[in-house]
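Written below as structure tokens is the structure these notes are about.
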Amino acid sequence: MTEPSSTGIGIRRAAEMAAVFMIGDGMLGLLQPARHVDLWRSEVGAVDALVRPFSGHPLRRRAYGLLQLTAGLTLAAALRR
């Protein structure tokens, strides 16, 4: 059995970090949609544009949170040693 390259490990670690972010952000959006959206509202147009579709739409944010959870878990499950 050969050792994986450091580049391969780095890519898998980055993918794992992305999965962790998706899972955590998805959980917060699912459990506390209004608070989570309010936290990310910003005077920076590009940032605010990302959360604006969810403002006042908790069910929409919860649905997106469930999608994030599913994607994060799927990504993490696909990462093999």
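Here the structure is a predicted model, which means the values were calculated and not measured.
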May I have the list of side-chain donor-acceptor pairs in residues 38-45 shorter than 3.5 Å, sequence neighbours left out?
unit_1 : atom_1 : unit_2 : atom_2 : d
Arg41  : NE     : Asp48  : OD1    : 2.5
Arg41  : NH1    : Ser55  : OG     : 3.0
Arg41  : NH2    : Asp48  : OD1    : 3.2
Arg41  : NH2    : Asp48  : OD2    : 2.9
Ser42  : OG     : Val44  : N      : 2.9

All N/O donor-acceptor pairs, side-chain side in residues 20-32, below 3.5 Å, sequence neighbours left out:
unit_1 : atom_1 : unit_2 : atom_2 : d
Asp25  : OD1    : His36  : NE2    : 2.6
Asp25  : OD2    : Arg61  : NH2    : 3.2
Asp25  : OD2    : Gln68  : NE2    : 2.8
Gln32  : OE1    : Arg35  : NE     : 2.6
Gln32  : OE1    : Arg35  : NH2    : 3.2

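Residue pairs that meet the salt bridge (Lys or Arg N to Asp or Glu O under 4.0 Å) test with at least one member in residues 62-78, sequence neighbours left out, do not exist here.
In this structure, Ala18 and Leu75 approach most closely via the heavy-atom pair CB-CD2, 4.3 Å.
At least one donor-acceptor pair closer than 3.5 Å links the side chain of Arg60 to the backbone N or O of Pro53.
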